[in-house]
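What follows is a short report on a single structure.
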Protein chains: 2
Amino acid sequence: MELRLTPKQLAQATGVSESSIKRWCDLGEIATIRTPGGHRRIPLSGAIEFLRGSEHELIAPEALGLPAGTRRRSPPLDNAAELFRIALEANQEDRARQILFELYLKPTPLATIGDRIIGPAFQSIGHRWEAGTLEVFQERRALEITRNLLHEIRLAQRPPVRSDPGAIGGTLSGDNYALAAILVELVLRESGWRAEFLGSNLPVQTMAMALRAEQPKLCWLSVSHVESETQFLSDYGQLSSASGDQTALVVGGRGLHGRLRQAMRFSAYCETLEHLETFAKTLKAAHASTAASRD
Amino acid sequence: MELRLTPKQLAQATGVSESSIKRWCDLGEIATIRTPGGHRRIPLSGAIEFLRGSEHELIAPEALGLPAGTRRRSPPLDNAAELFRIALEANQEDRARQILFELYLKPTPLATIGDRIIGPAFQSIGHRWEAGTLEVFQERRALEITRNLLHEIRLAQRPPVRSDPGAIGGTLSGDNYALAAILVELVLRESGWRAEFLGSNLPVQTMAMALRAEQPKLCWLSVSHVESETQFLSDYGQLSSASGDQTALVVGGRGLHGRLRQAMRFSAYCETLEHLETFAKTLKAAHASTAASRD
DNA sequence: AGTAAAAACGTTCAAATCGTGCAATTTATG
DNA sequence: CATAAATTGCACGATTTGAACGTTTTTACT
């Protein structure tokens, strides 16, 4: 992927004239930096941000390092989930990348991509695995591919700045399912958080230590699988007491049935990534206003 | 003594050409001092001033945040390992990216990067974790960062073509350490293999199934940790019998002490990635010649 | 200290980009 | 429909950039 684009490159990728790109750069519609000599340079994240916020077609995706065939107009969501699953099962990394980036450029919020595409795709893969029509290694390989693609989207996002509120999260010991927690990181970043995925299978002590060390405004815990409920509740208790008043504790995941949730204290339980996004935006706005009133 | 940068280093940190940096130095845009021999040296303060003034955001902002006391510049490999470790521990993703890509573009073979940079860095991180000077979450976060960076390198590699010999690999159940296996994938790809990392923590049955389904010319197994030796040997036996004559079984990793190795049958045991690379190249050449003689 | 490899020097030059003005096209409005 | 306003695309000389190349300095190693 190109890290920096010249106006000409972005012009070729979008099919508009170089003059227009330059004008939009000057009007602030495209995030631009200047070389000391005065030449414009457009970070890839700025170009993608521009594409997501405009109706411009993408006629030469390869100029941005995206797979050829990536369009702005793409199949509807429900269809895309199926196509994505098929691409993953057939080990077609490029096709999967194309589908995700098409949606991302549309622009579809990442929370929606997670809830309506990636989630259903893996749910379906899980069913087919239980039914014996899919091998475990195919599911694992699909996870690897998706994880890598999510990192590519992460690279295309506006990088967080110091003034963004901090957030950390991951999964606890015994839970190896990192994908959901990584999706949370991306969704939070899209909502203006300085979010950091710490890892999966984390001992609770180290997560508590991370909370104390980094004092984030938010901490998310993705729970896909609970081996021992008592063990989990004990772990969660430690986490809960380690998070002070300043840290919102957000939980979610298949592993949390109602009975379990009732024994937990949290700031929010999110059924979907879209819920999470709403909550995160509200919380961020609240922090921003208190910070403003303090000035 | 203040840290000094060469024009090349600043060029790599900012993503512009070395020529431009030199020109800007001469125009006074960047505060520069000269060595007795006439080489430009840019003090940290000058570089920061330049970056602030020109709003020329860094590809690698932390490139300039080097800890004091490292007087050497972009120096030999062992030093790079140390710098890489420091960047990882301090959660400086950009700095870590710069170090790895600088080496990769040099070009340093990926096997060497793995053996001399990434390996030692995590060995050192492990020691510091055992000694209690580093938290677990810092190690995990370092793993996440490195894993993502390796994927970025993967994107920069020549994509495999159908005619390349196939290879699959991963780690078995109980072994969550994916990094080494991912490195193997990259090294094999660099050597012209169509290598695919299937995942970590793989049940042996599914790995055997993958062997039968894909009929690769090579299968690698990374073993960082063995919980039960008998269990492992049993698993390995299954794998060994699933791999026919056409598949070379390659093993490696800290977890394989001599006693264990003696009870295993394999095509190659690789102490280092460099060994692996040599073996893979030899094997590929052998396959190419038999294929040629068949035509 | 001596040597060979690596890195940086200064210079040159083609290609790319700059800013600007203007014509062509689209959109809004009476 | 006619007119004004706004947007888009092109042209042009001046400036900037990045790559090449032979020479000199620095570094790594014996």
Side-chain angles (χ1 to χ4, degrees), chain A residues 2-44 46-47 50-51 53-60 63-64, chain B residues 1 3-43 46-47 50-51 53-59 63 70-83 98-99 101-109 112-113 116-117:
Chain A
E2 297 285 335
L3 282 120
R4 294 257 156 87
L5 304 171
T6 65
K8 188 178 190 176
Q9 285 175 292
L10 186 54
Q12 285 171 341
T14 55
V16 299
S17 75
E18 189 183 327
S19 298
S20 298
I21 298 290
K22 290 196 290 188
R23 195 178 319 109
W24 296 333
C25 284
D26 296 346
L27 289 174
E29 294 176 33
I30 305 176
T32 316
I33 58 178
R34 293 279 190 155
T35 68
H39 285 199
R40 299 172 185 85
R41 289 297 126 91
I42 304 160
L44 181 65
F50 164 70
L51 283 170
S54 76
E55 291 293 325
H56 289 280
E57 288 295 323
L58 184 56
I59 65 173
L64 309 183
Chain B
M1 178 144 200
L3 181 74
R4 303 203 177 137
L5 303 173
T6 65
K8 187 177 189 179
Q9 285 178 296
L10 187 55
Q12 282 171 338
T14 56
V16 300
S17 75
E18 188 183 333
S19 296
S20 298
I21 296 290
K22 291 194 290 189
R23 194 177 320 107
W24 299 335
C25 284
D26 298 344
L27 289 174
E29 309 262 0
I30 305 175
T32 316
I33 57 179
R34 295 276 187 160
T35 67
H39 283 197
R40 299 175 186 85
R41 289 298 123 91
I42 304 158
F50 158 70
L51 293 162
S54 69
E55 288 185 19
H56 201 99
E57 283 181 28
L58 274 180
I59 284 179
T70 52
R71 299 180 55 196
R72 289 268 158 88
R73 303 172 308 123
S74 128
L77 286 169
D78 9 335
N79 216 333
E82 187 73 359
L83 294 175
Q98 192 213 357
I99 294 169
F101 270 86
E102 190 176 331
L103 289 167
Y104 179 67
L105 295 174
K106 240 177 182 184
T108 312
T112 307
I113 294 180
R116 314 267 180 93
I117 309 295

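In the text below, chain A, chain B and the rest are named by the order of the sequence lines, each starting its count at 1.
Put simply, A:Arg40 has a side-chain N or O that comes within less than 4.0 Å of OP1 or OP2 on C:dG19. For B:Thr6 and C:dA7, the shortest distance from a side-chain N or O to OP1 or OP2 is not below 4.0 Å. For the pair B:Arg34 and C:dG10, the criterion of a side-chain N or O lying under 4.0 Å from OP1 or OP2 is met. Between B:Trp24 and D:dT17, a side-chain N or O to OP1/OP2 separation shorter than 4.0 Å is present. Using a 4.0 Å cut-off, some side-chain N or O of A:Thr35 falls inside it from OP1 or OP2 of D:dT17.
In this structure, CG on A:Leu10 lies 9.5 Å from NE2 on A:His56, to the nearest 0.5 angstrom. With rounding to the nearest 0.5 angstrom, the CD atom of B:Glu18 is 6.5 Å from the NZ atom of B:Lys8.
Residue pairs meeting the ring-ring contact (aromatic ring centres under 6.0 Å, His included) criterion with at least one partner in residues 4-23 of chain A, sequence neighbours excluded, are absent. For residues 25-38 of chain B, every residue pair satisfying the side chain to side chain donor-acceptor pair (under 3.5 Å) rule, not counting sequence neighbours, is listed here: B:Asp26-B:Arg34, B:Asp26-B:Arg40.
Closest to the B:Lys22 side chain, of the nucleotides C:dT17, C:dG10, C:dA8, is C:dG10. For B:Pro36, taking side-chain heavy atoms from C-beta onward, the closest of the listed nucleotides D:dT26, D:dT16, C:dG19 is D:dT26.
Taking atom NE2 on A:His39 and atom P on D:dT15, their separation rounds to 11 Å, with Å as the unit. Straight-line distance from the CD1 atom of A:Ile33 to the P atom of D:dT16: 18 Å, rounded to whole Å. Atom P of nucleotide C:dA8 and atom CG of B:Leu5 are separated by 11 Å, given to the nearest angstrom. For A:Asp26 and C:dG21, the CG to C1' distance is 15 Å, given to the nearest whole Å. One interatomic measurement links the two molecules: CZ of B:Arg41 to P of C:dA8, which rounds to 7 Å at whole-angstrom precision. The distance from atom CZ of A:Arg4 to atom P of D:dT17 is 13 Å, rounded to the nearest whole Å.
Contact annotation: side chain of B:Arg23 to base of D:dG18, donor-acceptor pair present below 3.5 Å.
Looking only at side-chain heavy atoms (C-beta outward), A:Ile42 and A:Ile33 stay at 4.5 Å or farther from each other. Side-chain contact check for B:His39 versus B:Thr6: every heavy-atom pair is 4.5 Å or farther apart.
For residues 12-21 of chain A, proximity to DNA chain D is found at A:Val16, A:Ser17, A:Ser19, A:Ser20, defined as any non-hydrogen atom under 4.0 angstrom from a strand atom.
Axis angle across the helix from C:dA1-D:dT30 to C:dG30-D:dC1, with five pairs used at each end and values rounded to 10°: 50°.
Distance alone, capped at 3.5 Å, places no donor-acceptor pair between the A:Gln12 side chain and the A:Gln9 backbone.
In this structure, the side-chain contact (heavy atoms from CB on, under 4.5 Å) partners of B:Ser20, at least two apart in sequence or on a different chain, are B:Ser17, B:Arg23, B:Trp24. Scanning for side-chain contact (heavy atoms from CB on, under 4.5 Å) contacts around A:Pro43 gives A:Ser45, with sequence neighbours left out.
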